[in-house]
**Student:** 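Pasting a structure here, questions to come.
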Amino acid sequence: MLASLFALLIFPAGLFVLVNGLAYHWIDRKLVARLQNRVGPRWFQPAADMVKLLANEEVLPTGVDARLFTALPVVALAGALAAMIYLPIAGLPPLYNFPGDLIVAVYLLSLLTLCTGLAGAISKDRFSIIGATRALTQLFSYEAPFLLALLGPAFAAGSWQINEIMAYTSSQWLILTQPVGFVVALIGLMGKLEMAPFDTPEAETEIVAGAMTEYSGRGLALFLLGREVELVGGLTLIAAFYLGGINNPFDYALKTLVLLLGVAGVQTLMTRLRIDQVVGLWWRYGALLALGQWLLLLGQRMGT
Amino acid sequence: MKIETMLRDIIQSLFHKPVTELYPAQRQPTPQRLRGKLRWNPEKCTGCCLCVKDCPCSAIELITIDKDNKRFVMRYDAGRCTFCAQCVQNCRFNCLEMSSEDWELAAMDKALFTVTYGREEDVQSLLGCVAPTGDPAGE
Amino acid sequence: MSKEQFTIPIGPQHPALKEPGHFTLTVDGEVVTGASVRLGYAHRGIEKAVESRNWVQDLYLLERICGICSHIHATAYCLGVEKLAGVTAPPRAQAIRVLVAELERIHSHLLWLGVAAHQAGFDTLFMYSWRDRETVMEVLEQLTGNRVNYSANLLGGVKFDVDTRVLETILSGLDFLETRTHHYLDIVSGDRIFLQRTRGIGMMTSEQAERLGVTGPTARASGVRRDIRVDAPYAAYDRYPIQVVVETTGDLEARFIVRLKELLETYHLIRTLLDGLPEGDLKTRMPRRIAAGETISRVEAPRGELFYFIKSDGGDQPARIKVRTPTLSNMASVTQLAVGHQLADMPMLLTGIDPCFSCNDRLTTVQTSGESETWTWEKLRQYGIASYRERG
Ligand code: SF4
Ligand code: SF4
């Protein structure tokens with residue numbers, strides 16, 4: 001009882017990922033800044049932003065369902081945190097596992113985007129509604145390739161259980177045998193996190209803050225925290241599957257940070273895509289490539 | 001047709017110091033011609049008020065205490081001044097110059113913007129009495 | 001996705017527009033089906049204010065119409081007033097005016113490049129172009145003492161001379177900027193993802209450009225060969241001719257290319273100018289009272305043709321000054337071009353003309369019913385309060 005409470009509140013699903021998320025968020029911002037030849041924020045900036053948001057007044061727009069409006073950010077964060085239970089956070093073996101937990105974890109990670117979309121849709125604000133439409137459109141376009149890309153390792157390992165896949169991948173670097181899957185998964189993660197160049201749903205210069213426009217104070221803070229948690233979760237998953245597994249905290253930090261550097265590089269190199277271009281990109285290239293990789297694996301399997 | 005047109009820039013930046021100026025912590029030297037706070041040298045002033053006449057924002061005021069003995073006081077309001085240097089151009093006796101070092105003029109109180117130049121006793125006598133009403137500066 | 005049409009208000013306060021202007025876009029899904037614009041939020045009454053200041057004071061007031069192309073406003077005004085007074089500034093002064101105007105063009109175009117890149121969501125280009133813009137800002141600071149609102153002009157001349165130290169700063173700055181500009185030209189015409197956002201977007205044919213009265217780089221990107229520096233040379237442009245850069249495609253990409261190529265021309269011009277800078281005085285005497293009469297003065301601002309009408313009744317204050325800035329003539333093109341584009345292209349389209357709202361807002365059209373009536377100040381105020389209340 002006490003142990004599971006600890007697991008939910010402190011490690012891995014609670015405080016630890018939150019702090020980890022804030023730290024990674026800072027590293028991401030700092031990296032992007034340095035790549036753009038700027039100084040970037042100081043280490044406590046994301047935490048300070050959170051504290052400020054939590055202390056701010058929460059404005060409830062008129063005409064929305066108050067319960068839904070306040071519940072959505074909580075659900076989003078809870079979903080992201082719940083996914084952590086099944087992930088090898090900090091290089092330690094996942095807390096719980098059962099056959100097929102990969103699918104559960106991936107869908108728990110998608111909960112955030114769904115909540116964002118719903119939150120935008122109920123906000124009755126024009127920018128929110130457009131943001132929500134875009135968020136959901138984008139969700140439908142990257143979700144399938146992303147899942148396919150994560151199923152690649154699962155397929156190779158012959159199991160849909162995260163710790164078994166990890167046992168398989170820690171002996172070999174799947175990035176070498178399934179490079180396409182790796183790229184699709186990483187880019188898919190960026191889409192999930194609405195990072196540039198996939199930040200169309202919250203394109204500041206077009207629709208203010210997209211689905212989040214009406215959120216302030218605590219609600220916004222929870223959404224942002226949810227996203228940070230997801231950043232940690234996603235990086236962990238990709239590192240564990242493609243970069244030769246993560247077996248200890250040091251391994252974990254090193255591999256996720258390398259991934260983060262890659263993510264920051266992509267963020268700085270690209271122009272924001274229009275929503276039609278995002279959809280086109282994913283269905284025309286992303287899905288096909290991931291599928292091709294999959295068929296290749298299948299063929300190999302049959303062959304042996 | 002590429003997508004990594006800026007790759008070289010960002011890789012270079014990774015190994016270079018950021019260009020951001022950490023302003024209050026580090027101050028860059030100012031150029032010689034920087035137009036900062038106005039300075040007035042009473043020695044040569046004849047009280048012609050040409051400087052006052054063309055100031056676009058009435059930032060300066062020349063108060064004549066004793067014209068014959070060339071006793072003037074100049075009141076300068078840095079909060080109004082737009083640092084255009086028209087007054088410097090207008091003065092034929094080069095009494096006015098704009099400092100290149102004194103440029104951090106922000107203040108929390110309006111009163112701090114007003115500077116009164118002139119001989120000690122003149123300024124004292126002026127500040128001592130009631131705010132001058134007659135306007136010798138000729139507006 | 002519902003097919004319901006709705007209108008999206010952009011501005012007067014919106015993160016895409018750092019200046020106040022209001023656009024009402026009707027969209028169908030993501031596609032814009034209608035657009036209208038409302039201006040006037042930054043009306044400051046400058047044209048009226050100049051009538052109660054003397055000719056010299058007005059110089060500084062007019063310079064502040066725009067924060068970016070400030071020098072060109074002052075130049076247009078000075079040239080106009082000098083024409084009225086029958087005075088010509090000495091050649092060295094005219095050359096320095098051109099020098100500052102061209103440096104200002106560099107600063108304005110690089111600023112625009114950054115803003116446009118930011119609107120497209122390419123923040124890296126934004127950061128780098130603004131970093132490089134700092135070079136020209138520093139040059140300007142060395143030359144004139146200020147980063148913006150240089151107040152280099154005087155009626156009848158200029159305030160600052162070019163000495164060897166400044167000369168070296170300018171030349172070394174230009175060398176750096178030239179390599180960077182070539183690099184940016186590569187980016188805007190070669191980056192595939194960036195081109196997805198600019199190529200073929202906001203097409204304006206040269207007929208359209210003529211009909212809408214578009215000026216400046218926006219017009220030149222549509223194949224309209226029009227540049228006041230060449231068509232009606234002012235200041236020292238007759239001695240330092242410039243090659244007009246024209247592109248014919250008329251899309252956003254062309255607007256990027258025209259502006260960047262113009263920069264290369266500008267570097268060239270500044271170099272020739274500094275090579276053969278005429279010797280002589282920096283200013284001549286100007287009368288305090290300007291002979292009665294009226295004149296116009298046209299100059300090429302970074303954004304297009306800037307027009308001044310100046311009227312004097314012989315006093316030491318102008319009787320009337322009318323300013324028409326390039327943004328106003330370009331604005332019509334935005335609403336015309338918007339229809340049929342994606343919502344995501346709107347910020348780019350608007351930025352494509354390099355709008356400057358504080359330049360823009362000087363004129364309000366009042367429709368009168370024919371009867372005239374004199375309003376007191378108090379009545380006007382009450383009317384204003386009531387009308388704002390009504391609007392809510
Ligand atoms: S610098 Fe310009 S604004 Fe300031 S006091 Fe002189 S004339 Fe007036
Ligand atoms: S113009 Fe010069 S001499 Fe004349 S009042 Fe001003 S400071 Fe004195």
**Student:** Looking at C:K159, C:E63, C:R64, which one has more heavy-atom pairs under 4.5 Å with chain B than the rest?
**Tutor:** C:K159
**Student:** With a 4.5 angstrom heavy-atom cut-off, could you sort out which part of C:I187 is near chain B: side chain, backbone, both or neither?
**Tutor:** both
**Student:** Surrounding CZ of C:R285 (heavy atoms of other residues, nucleotides or ligands, distance under 6.0 Å), is the total greater than 12?
**Tutor:** no
**Student:** Applying a criterion of heavy atom separation less than 4.5 Å, what residues of residues 92-112 of chain B form contacts with chain C?
**Tutor:** none
**Student:** Would a 4.5 Å heavy-atom cut-off, applied to side chains only, mark C:R288 and B:D54 as touching?
**Tutor:** yes
**Student:** Tell me, side chain or backbone of C:Y150 under 4.5 Å from chain B's heavy atoms, or both, or neither?
**Tutor:** backbone
**Student:** Given a strict heavy-atom distance threshold of 4.5 Å, which part of C:N149 is in contact with chain B: side chain, backbone, both, or neither?
**Tutor:** backbone
**Student:** For C:D163, is it the side chain, the backbone, both, or neither that has a heavy atom closer than 4.5 Å to a heavy atom of chain B?
**Tutor:** both
**Student:** Any idea which of C:L59, C:T169, C:T124 has the most non-hydrogen atom pairs under 4.5 angstrom with chain B?
**Tutor:** C:T124
**Student:** Enumerate the residue pairs fulfilling salt bridge (Lys or Arg N to Asp or Glu O under 4.0 Å) with a member in residues 136-150 of chain C, sequence neighbours excluded, ordered by first and then second residue.
**Tutor:** C:E134-C:R147
**Student:** Taking side chain as everything from C-beta outward and backbone as N, CA, C, O, which of these in C:L143 sits under 4.5 Å from a heavy atom of chain B? Side chain, backbone, both or neither.
**Tutor:** both
**Student:** Output the option from C:L61, C:D58, C:L125 having the highest count of non-hydrogen pairs under 4.5 Å with chain B.
**Tutor:** C:L125
**Student:** Below 4.5 Å, heavy-atom pairs only: which of C:W55, C:F194, C:F160 has the largest tally toward chain B?
**Tutor:** C:F160
**Student:** Test side chain to side chain contact (heavy atoms under 4.5 Å, CB included) on B:Q32 and C:Q142; report intermediate values, then the result.
**Tutor:** CA-CA 7 Å; B:Q32 240 173 36; C:Q142 291 274 349; over 6 Å; no
**Student:** Using a heavy-atom distance cut-off of less than 4.5 Å, which residues of residues 77-90 of chain B contact chain C?
**Tutor:** B:T82, B:F83, B:C84, B:A85, B:Q86, B:Q89
**Student:** Does anything in residues 34-42 of chain B get under 4.5 Å of chain C by heavy atoms, and if so which residues?
**Tutor:** B:L34, B:R35
**Student:** How long is the span from the OG atom in B:S58 to the CD atom in C:Q57, to the nearest 0.5 Å?
**Tutor:** 6.5 Å
**Student:** Quick one: what part of B:C55 sits under 4.5 Å from any heavy atom of chain C, side chain, backbone, both or neither?
**Tutor:** backbone
**Student:** State, to 0.1 Å, how close B:R33 and C:D161 come at their nearest heavy-atom pair, and which atoms those are.
**Tutor:** NH2-O, 2.8 Å
